[in-house]
Amino acid sequence: MASVDSSVEVEGATAAAGDGLTHSMRKNGRFVNPWPNWCFPSGTQGMKMMWKFATGSGDHSNIPSQEVLDTTLPVVTPDFSSSVPQDGMKVTWLGHASVLVQFENISVLTDPIFSQRAAPLQFMGPKRYRGPPCSVQDLPAVDVVVISHNHYDHLDYNTVKDLHKRFGERLCWHVPLGMLSWMKSIGCENVVEQDWWQEERVKDREDIKVVFTPAAHWCKRGPTDDNLVLWGSWCVIGRRSRFFFGGDTGYCHGFKEIGKKYGPFNLAAIPIGAYEPRDFMKNQHVNPEEAVQIHQDVYAKQSLGIHWGTFKLTFEGYLEPRSRVKEAMEAKGLKVEDFFTLDHGGSRVIPIPQAEPSFEKETAT
């Protein structure tokens, strides 16, 4: 567990001695990363990054024409008509960190964004080079949405509005500490705000537990709101099925804590992209090798690579995350097929053995 510096103001649930877990921390009313050696890129690094974006220096993304992309990174229409097997989890990648996971008669949507740009305004900012495979109106019934943090590529105003308009208060939002007022400003009332390690049952589904868990990142949407909202990952646990959503994160030892407390997971959705240049991105975005380490840390039986192939955010080759995950799995002697990627809109069913217990492992809250 990370030590708490004497200058850190302890607010809410923080580093509780003796439980072996790293808890959220605040300093002067703003959340801070408790991970040793975590630091935000310096002003000099930030200026260098802006210069590289402006000039294209060191940019190896090489995003081709839409015609080529249709072959190398297809967008397909999701198949929401097929039923979800009673003995399986169905996962559909909707682009970037947006994933629909269906199991045990519940549907969970992660960090949904259906807009063309990850920005406060739709005429500027990072634009999709692969469009969404469907619209909010095309989605099947959604029961739960989990939000990892408030960056624009993970918390999209128009998408939240559209989901609320379609599903209303039937849809339950699970969000980090500090996000409740933003959600309510849009009209969402069925919102559960959670701290790291806080466990909540899904309304009208006492057999489904949603847990907010640690990550290494930061939050900001405006000029003065730095880290007023917490960031993290999510575990959704049913009676026989366990799903882990990594959100957006650098590598930290919190994933070993998650694996020890809640693993193994039948399925994990783990970020694999937006990691170059490394000196700027290391603390906030894992690279494929670190993604494979998270796969091991949380004891994922199968993992889906997310947070790649949708928005141009960084400088690695646009297909590099996919190939490097495969290479990293091979280098560790792991089954390559256990860490997979999907086409935009593509789905896969993860078998869940009938005799496999899940919910019984962690029932006390």
Side-chain angles (χ1 to χ4, degrees), residues 1-47 49 97 111 146-155 174-183 192-199 211-235 245-261 271 274-275 278-287 290 293-294 297-298 307 313:
M1 184 178 70
S3 61
V4 181
D5 185 85
S6 59
S7 65
V8 174
E9 178 183 359
V10 177
E11 303 172 0
T14 54
D19 70 355
L21 302 175
T22 303
H23 291 257
S24 66
M25 301 191 327
R26 298 188 215 196
K27 182 178 181 179
N28 300 324
R30 298 176 188 266
F31 290 100
V32 295
N33 274 286
W35 318 113
N37 304 318
W38 195 98
C39 63
F40 196 77
S42 68
T44 300
Q45 288 175 311
M47 290 175 64
M49 187 68 172
D111 286 1
V146 295
I147 302 293
S148 64
H149 67 298
N150 72 355
H151 286 159
Y152 287 98
D153 55 328
H154 294 259
L155 180 66
H174 288 257
V175 303
L177 285 181
M179 197 180 287
L180 181 62
S181 60
W182 189 93
M183 297 296 299
V192 181
E193 192 178 62
Q194 293 175 235
D195 196 1
W196 287 354
W197 308 111
Q198 183 176 338
E199 302 177 353
V211 190
F212 196 40
T213 43
H217 206 59
W218 54 287
C219 278
K220 184 179 179 68
R221 284 178 79 85
T224 62
D225 66 345
D226 304 50
N227 295 342
L228 293 177
V229 172
L230 186 57
W231 51 89
S233 55
W234 291 93
C235 306
F245 172 57
D248 196 359
T249 185
Y251 183 75
C252 63
H253 64 76
F255 299 112
K256 292 184 183 296
E257 297 173 10
I258 294 166
K260 183 177 180 180
K261 185 170 178 62
Y275 50 82
R278 204 74 197 112
D279 61 341
F280 188 84
M281 290 293 172
K282 180 175 177 59
N283 285 326
Q284 51 192 315
H285 289 165
V286 294
N287 63 20
E290 291 167 328
Q293 186 60 54
I294 294 174
D297 288 351
V298 301
H307 202 264
L313 302 175

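Remark: the backbone N or O of Val32 is not paired with any side-chain donor or acceptor of Asn227 at under 3.5 angstrom.
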Q) Passes side-chain contact (heavy atoms from CB on, under 4.5 Å), Gln198 versus Glu193? Steps please. A) CA-CA 9 Å; Gln198 183 176 338; Glu193 192 178 62; over 6 Å; no
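Side chains of Cys219 and Leu228 form no contact here, defined as non-hydrogen atoms less than 4.5 Å apart. When side chains are defined from C-beta on, Lys261 counts as touching Leu21, because their heavy atoms get closer than 4.5 Å. At least one side-chain heavy atom of Pro214 sits under 4.5 Å from a side-chain heavy atom of Trp35. Using a 4.5 Å heavy-atom cutoff, the side chains of Asp153 and Leu313 are in contact. Using a 4.5 Å heavy-atom cutoff, the side chains of Ser233 and Trp196 are not in contact. Contact check for Gln194 versus Val175: no side-chain heavy atoms found under the 4.5 Å cut-off.
The distance from atom CG of Leu155 to atom CG of Asn150, rounded to the nearest 0.5 Å, is 6.5 Å. Atom NE2 of residue His174 and atom OG of residue Ser148 lie 14.5 Å apart, to the nearest 0.5 angstrom. Note: Leu177 CG to Met179 CE = 10.0 Å, rounded to the nearest 0.5 Å. If you take CG on Asn287 and NE2 on His285, they are separated by 12.0 Å, rounding to the nearest 0.5 Å. Separating the CE atom in Met25 from the CG atom in Asn33 is a distance of 9.0 Å, to the nearest 0.5 Å. Atoms CD and CG, from Glu257 and Asp297 in turn, are 10.5 Å apart once rounded to the nearest 0.5 Å.
For Trp38, the ring pair (Phe, Tyr, Trp, His ring centres under 6.0 Å) test picks out no residue, with sequence neighbours left out. Remark: Asp226 pairs with Lys220 by the salt bridge (Lys or Arg N to Asp or Glu O under 4.0 Å) rule, at least two apart or across chains. Judged as a salt bridge (Lys or Arg N to Asp or Glu O under 4.0 Å), and not counting sequence neighbours, Arg221 has no contacts.
Checked against the 6.0 Å centroid threshold, Phe212 and Trp234 count as a close aromatic pair. Less than 6.0 angstrom separates the ring centroid of Trp218 from the ring centroid of His151. Taking the six-membered ring for Trp, His307 and His154 have ring centres closer than 6.0 Å.
Ring-plane geometry between Phe255 and Tyr251 is classed as tilted, the angle between the planes lying from 30 to 60 degrees on a 0 to 90 degree scale. The aromatic rings of Trp231 and Phe31 stand perpendicular to each other, their planes meeting at an angle above 60°, with 30° marking the opposite boundary.
What you find for Val286 and Gly250 is that their closest heavy atoms are CG1-C, 3.4 Å. Here the closest heavy-atom approach between residue Gly247 and residue Asp111 is recorded as CA-OD2, 4.4 Å.
Thr249 and Gln284 share no side-chain donor-acceptor pair at under 3.5 Å.
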